[in-house]
Each structure stands twice: as structure tokens, then as C-alpha cells.
Chemist: 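Take a look at the following structure, please.
A, B, ... follow the sequence lines: proteins, then strands. Residue 1 opens every chain. Treat the numbers as computed from the prediction; the structure is a model and nothing was measured.
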Amino acid sequence: MRYITRVNYWLFKSEPREFSFDDLLKRPGKSEPWTGIRNYQARNFIRDAMQVGDKVLFYHSSTALPAVVGIAEIISKPYPDPLQFDDKSGYFDKGSPTDNPRWLAIDIKAVKKLKKEVTFEQLKKEPTLQTMRLVQRGNRLSVLPVTKDEFQTIVKLAGEEV
DNA sequence: GCCAACGTTGGC
DNA sequence: GCCAACGTTGGC
């Protein structure tokens with residue numbers, strides 16, 4: 001049987017005061033369940049496209065200098081986000097049926113911290129990144145698809161080997 | 001803290 | 001199913 005893998009590329013936003021890339025590096029196995037996604041478009045990306053081995057740009061938002069700061073990788077298949085059933089969680093969703101959960105999570109693992117952060121400002125200035133969803137108007141999704149070219153451009157801007 | 005963008009909610 | 005009100009996101 002032939003085994004075809006197609007790596008996808010993503011950008012995950014996180015507010016560093018809540019959870020930073022350094023926090024991820026400190027986790028056992030440098031991994032963390034990515035829970036709390038409560039947007040249907042983002043949920044659909046997880047459900048329909050994310051797979052083990054996909055690469056993730058880890059982005060710090062709502063901070064003095066928003067920037068891509070690290071690379072991570074998806075290490076699990078999608079699974080029901082447990083927080084939707086936890087009535088003590090801020091992510092509790094009483095409307096989510098247990099037999100057909102509304103919200104999904106995946107696990108990510110840190111691959112490496114970038115030598116240099118790539119700031120939002122840099123991304124906006126980079127001609128080849130003008131079509132990137134992140135730099136376009138009014139984008140509020142916390143999980144975004146990125147093309148392979150965009151991913152590699154950003155890695156280069158960070159002073160890393162591609 | 002401001003405010004534009006935009007998703008969600010709920011009355012009708 | 002329309003649409004105003006409301007809430008959230010996130011750069012600035």
C-alpha cells in the first residue's frame with residue numbers, strides 16, 4: 001500500500017501572557033493540548049485538514065511586539081476538546097452534545113524557537129507575504145492556514161535554514 | 001484603552 | 001431568515 005503524506009502548514013496565535021512559546025518548551029515532552037478553540041472556521045480547519053506532522057508557526061498576539069516566535073508540530077489527530085464538557089471551564093459549552101461534540105482539539109509539540117522573532121510589522125512589509133491571511137484586514141481566526149512558501153519565507157526571515 | 005472588523009445571538 | 005445588538009479579537 002502506498003502511503004501518501006501531505007504536510008500542511010498553519011499559524012497558531014497565542015497570547016504570551018496566557019501561554020507563550022517558552023511555556024510550551026517547558027512542558028513535559030514540549031507538548032501541549034491546543035484546546036479552547038471556539039470558532040467554527042477554526043474548528044473546521046482542525047476537523048478537515050490537520051494531521052500529524054503538520055508544521056505550525058507559533059505566533060504571539062496581543063503583545064507589545066506581535067511576532068512569530070517558534071515552530072511547532074501537530075502530534076495528534078483531532079479529538080473532542082474536553083473543556084467543552086467541563087462546567088468549571090471558561091470554555092464550557094452547554095450546547096455541545098456529548099455524542100457529537102462541537103469543539104475539537106489537537107496536541108502540538110515545540111520543534112524549535114526561532115533565532116530571531118519575525119514581527120507582524122516585518123510580515124506586513126514582506127512583498128511575498130501580502131496575500132497571507134494573517135496580514136489581511138480584520139482577520140481574527142486563532143488558527144490559520146499558511147502556504148509552504150509563506151512558511152519558508154518566514155523561517156528564512158528568522159535567520160533559520162529552510 | 002480605543003476602535004475596526006466580524007462572528008454570534010435572539011427578537012421579530 | 002433578516003438584522004440590530006452585543007461580544008470578542010487584536011493591532012495600535
Side-chain angles (χ1 to χ4, degrees), chain A residues 8-27 32-50 54-74 78-108 110-111 113-147 149-160:
Chain A
N8 299 308
Y9 299 86
W10 307 98
L11 182 142
F12 283 20
K13 295 179 190 169
S14 187
E15 299 189 21
R17 68 171 63 187
E18 303 292 331
F19 190 82
S20 69
F21 194 73
D22 285 337
D23 293 329
L24 181 62
L25 286 169
K26 284 180 212 149
R27 286 288 195 260
E32 178 77 0
W34 211 249
T35 55
I37 290 174
R38 294 296 179 269
N39 171 286
Y40 286 103
Q41 244 185 299
R43 190 279 311 271
N44 294 347
F45 288 138
I46 298 176
R47 186 189 60 193
D48 304 333
M50 286 191 194
D54 284 1
K55 305 283 193 211
V56 174
L57 295 170
F58 197 102
Y59 178 81
H60 283 169
S61 65
S62 293
T63 185
L65 214 60
V68 177
V69 296
I71 297 171
E73 191 174 322
I74 292 174
Y79 57 91
D81 182 344
L83 299 184
Q84 71 195 302
F85 303 123
D86 176 359
D87 61 9
K88 290 178 199 68
S89 166
Y91 294 109
F92 179 62
D93 181 356
K94 69 173 173 5
S96 181
T98 47
D99 57 352
N100 184 21
R102 196 174 276 171
W103 305 114
L104 299 172
I106 44 94
D107 296 344
I108 64 167
V111 173
K113 188 170 175 170
L114 294 174
K115 285 182 194 157
K116 295 183 288 184
E117 296 189 355
V118 182
T119 63
F120 184 63
E121 196 159 31
Q122 278 178 279
L123 298 178
K124 278 190 299 187
K125 277 192 282 189
E126 179 62 34
T128 57
L129 295 179
Q130 292 317 296
T131 53
M132 207 184 160
R133 295 183 67 147
L134 182 74
V135 305
Q136 281 168 4
R137 206 163 54 106
N139 161 60
R140 292 166 27 191
L141 282 179
S142 63
V143 159
L144 292 167
V146 170
T147 68
D149 282 350
E150 290 164 350
F151 185 91
Q152 292 183 343
T153 299
I154 291 166
V155 170
K156 275 186 204 157
L157 286 172
E160 304 277 355

Chemist: Over how many whole Å does the gap from A/L144 atom CG to C/dT9 atom P extend?
Modeler: 14 Å
Chemist: Just wondering, do A/F21 and A/K113 contact through their side chains at under 4.5 Å, heavy atoms?
Modeler: yes
Chemist: Grab the CH2-P distance between A/W103 and B/dG7 for me, whole Å please.
Modeler: 13 Å
Chemist: Starting the side chain at C-beta, find the nucleotide from C/dG11, B/dT8, B/dC6 nearest to A/Y40.
Modeler: B/dT8
Chemist: Considering non-hydrogen atoms only, spot the tightest contact between A/D23 and A/P16 and give its length.
Modeler: OD2-O, 4.2 Å
Chemist: Please give, in whole Å, the distance from B/dG7 P to A/I37 CD1?
Modeler: 16 Å
Chemist: Below 30° counts as parallel, above 60° as perpendicular, anything between as tilted: where do the rings of A/F45 and A/W10 land?
Modeler: tilted
Chemist: Tell me which nucleotide among C/dC12, C/dG7, C/dG11 gets nearest to the side chain of A/K124.
Modeler: C/dC12
Chemist: Verify the ring-centre separation between A/W103 and A/Y40: is it less than 6.0 angstrom?
Modeler: yes
Chemist: Out of C/dG11, B/dG7, B/dC6, which nucleotide sits closest to the side chain of A/Q41?
Modeler: B/dG7
Chemist: What is the distance from CZ of A/R43 to P of B/dT8, rounded to the nearest Å?
Modeler: 10 Å
Chemist: Write down the distance between CD (A/E15) and C1' (C/dT9), rounded to a whole number of angstrom.
Modeler: 8 Å
Chemist: Of the nucleotides B/dA5, C/dC12, C/dG10, which has the atom closest to the A/K13 side chain?
Modeler: C/dG10
Chemist: Considering just the side-chain nitrogens and oxygens of A/Y59, establish if one lies under 4.0 Å of OP1 or OP2 belonging to C/dT9.
Modeler: no
Chemist: Once the angle between the rings of A/F19 and A/F58 is folded into 0 to 90°, is it parallel (under 30°), tilted (30 to 60°) or perpendicular (over 60°)?
Modeler: tilted
Chemist: Please give, in whole Å, the distance from B/dT8 P to A/K94 NZ?
Modeler: 16 Å
Chemist: Think A/R137 has a side-chain N or O under 4.0 angstrom from the OP1 or OP2 of B/dA5?
Modeler: yes
Chemist: Without decimals, in angstroms, what is the distance between A/L65 CG and C/dG10 C1'?
Modeler: 14 Å
Chemist: Would you kindly give the CG-to-C1' distance between A/L134 and C/dG10, to the nearest whole Å?
Modeler: 10 Å
